[in-house]
> 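Structure below; questions to follow.
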There are 2 protein chains.
Amino acid sequence: MTTRMSQLFVRTLRDDPADAEVASHRLLVRAGYIRRQAPGIFAWLPLGLRVRRRIEAIIHDEMAAAGAQQVHFPALLPREPYEATGRWTEYGDGIFRLKDRKGADYLLAPTHEEVFTMLVKDLYSSYKDLPLSIYQIQDKYRDEARPRAGLLRGREFSMKDAYSFDYTDDGLDASYQAQRDAYERIFTRLGLEYVIVQADAGAMGGSRSEEFLHPTAVGEDTFVRSAGGYAANVEAYRTTAPAALPIDGQPEAVVFDSPDTPTIATLVALANDRHPREDRPWEAADTLKNVVLRLTHLDGSSELVIVGVPGDREVDMKRAEVAFAPAEVTAAIDEDFAKHPGLVKGYIGPWSAAGPVLGEEGSTTGIRYLVDPRVVDGTAWVTGANEHEKHVFHLVAGRDFAADGIADIAEVRAGDPAPDGSGPVELARGMEIGHVFQLGRKYAESLDLKVLDENGKLVTVTMGSYGIGVTRILAAIAEGNHDERGLIWPRAVAPFDVHVVATGKDAAVYEIADALVSELHEAGFDALYDDRPKVSPGVKFGDAELIGVPLIIIVGRGAAEGTVEFWDRRSGERRDVALGEVPAALAQAD
Amino acid sequence: MTTRMSQLFVRTLRDDPADAEVASHRLLVRAGYIRRQAPGIFAWLPLGLRVRRRIEAIIHDEMAAAGAQQVHFPALLPREPYEATGRWTEYGDGIFRLKDRKGADYLLAPTHEEVFTMLVKDLYSSYKDLPLSIYQIQDKYRDEARPRAGLLRGREFSMKDAYSFDYTDDGLDASYQAQRDAYERIFTRLGLEYVIVQADAGAMGGSRSEEFLHPTAVGEDTFVRSAGGYAANVEAYRTTAPAALPIDGQPEAVVFDSPDTPTIATLVALANDRHPREDRPWEAADTLKNVVLRLTHLDGSSELVIVGVPGDREVDMKRAEVAFAPAEVTAAIDEDFAKHPGLVKGYIGPWSAAGPVLGEEGSTTGIRYLVDPRVVDGTAWVTGANEHEKHVFHLVAGRDFAADGIADIAEVRAGDPAPDGSGPVELARGMEIGHVFQLGRKYAESLDLKVLDENGKLVTVTMGSYGIGVTRILAAIAEGNHDERGLIWPRAVAPFDVHVVATGKDAAVYEIADALVSELHEAGFDALYDDRPKVSPGVKFGDAELIGVPLIIIVGRGAAEGTVEFWDRRSGERRDVALGEVPAALAQAD
């Protein structure tokens with residue numbers, strides 16, 4: 001059925017919405033695809049819903065090809081299964097919780113691992129039933145602290161989430177690969193550029209984990225990649241530890257006065273001035289900066305940790321969050337320093353269970369000391385002496401101090417080596433559009449999902465979890481397919497195949513356009529037809545540009561002579577086409 | 001793509017689920033269509049989802065034919081619009097409420113009148129934009145006190161809700177009729193018997209209101225209908241008041257002793273024994289039973305009312321709820337009687353603002369007295385005398401007492417007259433499957449939705465609301481289409497077009513069946529193929545009967561000779577068909 005612009009429930013806006021930070025948000029609102037209902041919560045107008053349905057159709061298609069079966073779970077779920085896996089607590093403020101009239105706890109599910117697991121447990125009991133991949137396209141809820149960028153980070157959003165069930169590791173690998181391949185096909189069909197990066201398994205538990213990132217400046221994720229093919233989310237990047245150095249023969253550590261050295265730069269300058277090295281000047285990378293972090297655990301308790309990182313790098317709080325998950329990480333506050341007088345602000349040095357390695361021994365004990373992977377035995381550092389206005393140089397790891405463990409939380413920089421030896425990495429911004437993930441046996445163990453194997457022995461099932469953000473993908477496509485005048489959809493997901501614009505006030509033109517859209521409908525094209533006789537061509541063209549159907553046919557004065565204009569919205573090219581040639585021209589357009 | 005039973009995510013159950021009261025619930029769970037997640041909350045397995053999608057496709061089709069455009073609203077909505085129309089309060093415990101991390105109030109929408117109204121207000125401002133009909137198929141939430149009967153009364157359920165917007169009453173009538181016609185087509189296509197009954201506008205406000213009821217013994221609604229075409233929900237039935245009778249010449253009221261008359265029957269027996277009428281015996285219908293009800297208003301305040309109904313009828317609490325909406329109605333409790341000593345339990349008579357008409361004047365004042373429509377002036381009653389162990393007869397309405405108003409809340413009985421004069425009514429049970437409703441200007445006024453009319457004058461928009469319970473319809477179809485062995489779907493909504501069952505252990509049979517399903521696929525039939533070589537024919541047939549695809553092809557021993565069995569699940573008929581004739585036989589089946 002042809003959709004007439006005079007009937008379509010839409011109103012295009014000249015002005016950007018006040019709260020829109022990114023192009024996709026701005027244009028989807030202005031062109032009448034979505035409307036905000038609350039922060040991070042949107043209503044979908046007919047245009048938006050059409051694009052969404054086309055994206056979903058591609059996903060359904062590829063899920064079927066990957067052998068996944070569709071199911072549908074409620075959004076409103078009881079607390080118990082999420083309690084069993086610990087996620088009821090782990091999600092903290094990040095989920096919507098509610099009580100029913102009887103006082104029972106419910107949540108609006110952020111993802112559905114638990115209930116998929118329980119459903120399989122309910123239905124299946126033998127290895128013969130496996131492998132199984134099931135999925136849904138369903139609305140998810142997260143109570144984001146800062147919902148932003150329109151659909152890119154919403155509080156109610158649509159996701160395709162799939163889960164695989166196997167009883168062997170090889171089976172899981174195969175199920176994982178099938179979903180991963182399907183994702184590649186989906187993004188290719190959607191015309192959406194992607195990079196597959198290694199991701200940290202994070203709070204979800206499990207082992208192999210890869211994200212599909214769409215490279216874009218508005219992305220919230222930073223990732224690294226090398227020319228040699230390494231790619232990882234910056235949270236998943238692992239710093240390569242250098243080889244240990246010989247300790248014998250290294251000079252003694254020397255404590256020195258260091259007043260007025262509030263920064264690494266001033267410390268390095270002072271060291272070069274008062275205690276110059278023989279071979280080369282001191283550099284920021286020679287210093288060891290000891291940062292005090294506060295970890296808040298799920299049970300509400302908190303602890304301080306000290307992390308030593310090379311002075312030329314900052315701590316990357318996102319990497320820290322992943323490293324210390326599920327604890328929450330914040331910088332220590334004045335109160336923490338007040339409580340621990342042994343922590344001499346600005347002069348903190350290495351630490352041990354007994355307290356500071358230098359300084360007043362035993363003044364403050366029981367704080368863990370972790371170091372950057374670069375701090376291997378034999379490396380010598382300029383660092384704090386745990387005493388006011390004192391630093392130390394030639395302090396040698398493995399001789400003068402030993403850490404309680406490694407914390408790989410320093411920032412990653414362009415030029416850092418890829419851990420697989422494939423060369424230096426570069427940094428880029430990306431938006432997560434998909435995630436494939438080997439959960440392993442974590443959920444199956446928590447929820448006791450076992451099947452009988454070939455030998456009649458009960459074995460725990462191993463699972464994978466695979467997600468695509470449907471509404472986010474739509475925004476990502478809009479983000480990558482627009483110009484200053486509006487959206488330009490890829491044909492695979494455009495709300496209509498063609499936008500027919502009749503211009504002027506001549507009734508004969510509209511009769512010709514009417515006949516054309518009928519003909520196009522017969523030929524299988526889904527057309528949007530701008531049939532508004534009292535609207536100026538300028539407004540109609542502006543609407544067409546904003547709405548972004550990539551192929552536009554203008555029926556105007558030439559129509560009486562059998563000629564219309566064929567407008568390729570993406571290239572901007574406009575050329576005359578004979579009326580009879582329109583279906584062929586549309587079919588041939590790429 | 002053919003679905004193989006060996007792959008399908010399903011497990012059929014021999015036993016009924018413990019909590020299942022009705023056939024649809026029992027069979028949908030046993031056949032592997034749905035699984036319970038929490039009271040009134042279900043997950044959908046592939047079979048269930050297939051039926052749901054087919055029902056939805058028919059609804060989408062008829063909505064498009066009715067000129068309605070699809071949109072999609074969030075389930076999670078902010079409090080404010082529902083506050084503006086009063087429904088935040090009116091819904092009481094009936095909706096799920098929650099707070100986000102910032103403490104803002106949200107609800108899981110039970111229906112979407114408010115936000116549709118606000119969206120139209122946001123987009124449109126002129127009569128030229130109207131009429132408009134928009135709809136969605138979306139999940140709704142109600143915190144039912146007693147979720148029951150599987151999908152028939154759930155807490156998360158799928159609904160098609162449409163809303164129409166007009167600026168004239170005639171326009172609303174036309175939009176209403178278009179949806180009403182679409183509903184008739186939808187239910188006809190679904191093979192779902194329906195009766196259109198007048199409904200009470202109830203808490204939703206508005207004027208014309210009709211329900212589509214599916215007559216079924218498990219229905220929660222009672223409706224009345226006459227042979228002459230009248231049909232109404234029992235809550236919407238209006239009792240016809242008889243003509244007033246002359247008062248002059250009626251005998252004086254007589255108070256009499258009436259100990260030991262706890263029931264109407266004992267009272268009537270006593271009256272006939274001690275104070276017999278001359279013309280005929282006293283009957284229950286001659287008595288006036290005065291019932292004390294407690295109304296709890298939305299603001300939390302409460303009041304008592306006394307309602308006089310003929311003694312041969314009970315008060316129908318559902319009718320009372322509608323009559324007194326939005327107040328909540330309960331029977332008065334002992335405490336109420338204790339507080340009002342003038343209310344002499346068992347002997348309550350007519351009342352006035354000054355207190356009881358008989359009995360101790362002024363003892364208890366300020367209680368409203370309402371009567372059944374049958375209590376017209378000149379009717380004489382046997383009723384309480386507001387004094388312990390005393391009743392009165394010959395108490396004449398309009399002479400001895402006057403009511404403050406009418407309360408049409410007595411039970412409706414078979415044989416009562418239809419209010420339109422179309423004869424006596426009969427009572428039946430039905431399940432609400434659709435509701436069309438003229439909201440009028442209630443919501444538009446609350447939310448200030450106005451447009452400019454032809455004269456440039458701002459006019460308030462008038463609206464309609466039209467709902468179909470998608471998941472409930474599915475259950476209603478299951479309820480009406482099963483036998484003791486399982487479901488028997490109408491072809492229009494069956495999960496598959498045909499169920500091919502290969503039997504035995506002969507590999508050649510499975511090869512023939514494989515070829516047949518390929519051929520059927522080519523011919524456009526969506527087949528479920530039971531390809532399980534190690535499962536007995538009995539189990540396969542049992543599964544086929546339970547799952548309920550209406551046409552079954554059995555490929556067994558005769559296959560080698562080119563013959564299969566064609567099994568009509570509904571009629572039970574089984575006949576041989578040549579392999580090559582199967583597509584034709586399927587196409588010809590009705």
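Only this structure's heavy atoms are used, side chains among them; waters, hydrogens and symmetry mates stay out. Just so it is clear: chains get the letters A, B, ... in the order the sequence lines come, proteins before strands, and each one is counted from 1.
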> Is chain B contacted by the side chain of A:Glu80, its backbone, both, or neither, given a heavy-atom distance below 4.5 Å?
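No part of it gets close to chain B.
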> At a 4.5 Å cut-off on heavy atoms, which part of B:Leu45 comes close to chain A: side chain, backbone, both, or neither?
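Looking at B:Leu45, backbone and side chain both touch chain A.
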> Under 6.0 Å from the CE atom of B:Met159, do we count more than 12 heavy atoms belonging to anything else shown?
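Buried by this count: over 12 neighbours within 6.0 Å.
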> Give, as side chain, backbone, both or neither, the part of A:Phe42 having an atom under 4.5 angstrom from any heavy atom of chain B.
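It is the backbone, since no side chain atom gets that close.
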> Out of B:Asp100, B:Ile134, B:Leu119, which one racks up the most heavy-atom pairs below 4.5 Å with chain A?
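The candidate making the most pairs under 4.5 Å is B:Asp100.
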> Considering only heavy atoms, which portion of B:Leu123 lies under 4.5 Å from any heavy atom of chain A: side chain, backbone, both, or neither?
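Both parts, heavy atoms under 4.5 Å.
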> Given a strict heavy-atom distance threshold of 4.5 Å, which part of A:Asp93 is in contact with chain B: side chain, backbone, both, or neither?
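The answer is both parts of A:Asp93.
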> Given that the side chain runs from C-beta out, which part of B:Ala145 has a heavy atom under 4.5 Å from chain A: side chain, backbone, both or neither?
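Both parts, backbone and side chain.
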> With the side chain counted from C-beta on, respond yes when B:Asp139 and A:His72 share a heavy-atom pair under 4.5 Å apart, and no when they do not.
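Yes, their side chains come closer than 4.5 Å.
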> Using heavy-atom distances under 4.5 Å, tell me whether A:Ala104 contacts chain B through its side chain, its backbone, both, or neither.
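No part of A:Ala104 comes within 4.5 Å of chain B.
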> Which region of B:Arg101, side chain (C-beta onward) or backbone (N, CA, C, O), has a non-hydrogen atom less than 4.5 Å from a non-hydrogen atom of chain A, or is it both or neither?
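Both backbone and side chain.
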> Below 4.5 Å from any heavy atom of chain B, which atoms of A:Asp122 appear? Answer side chain, backbone, both or neither.
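Both backbone and side chain.
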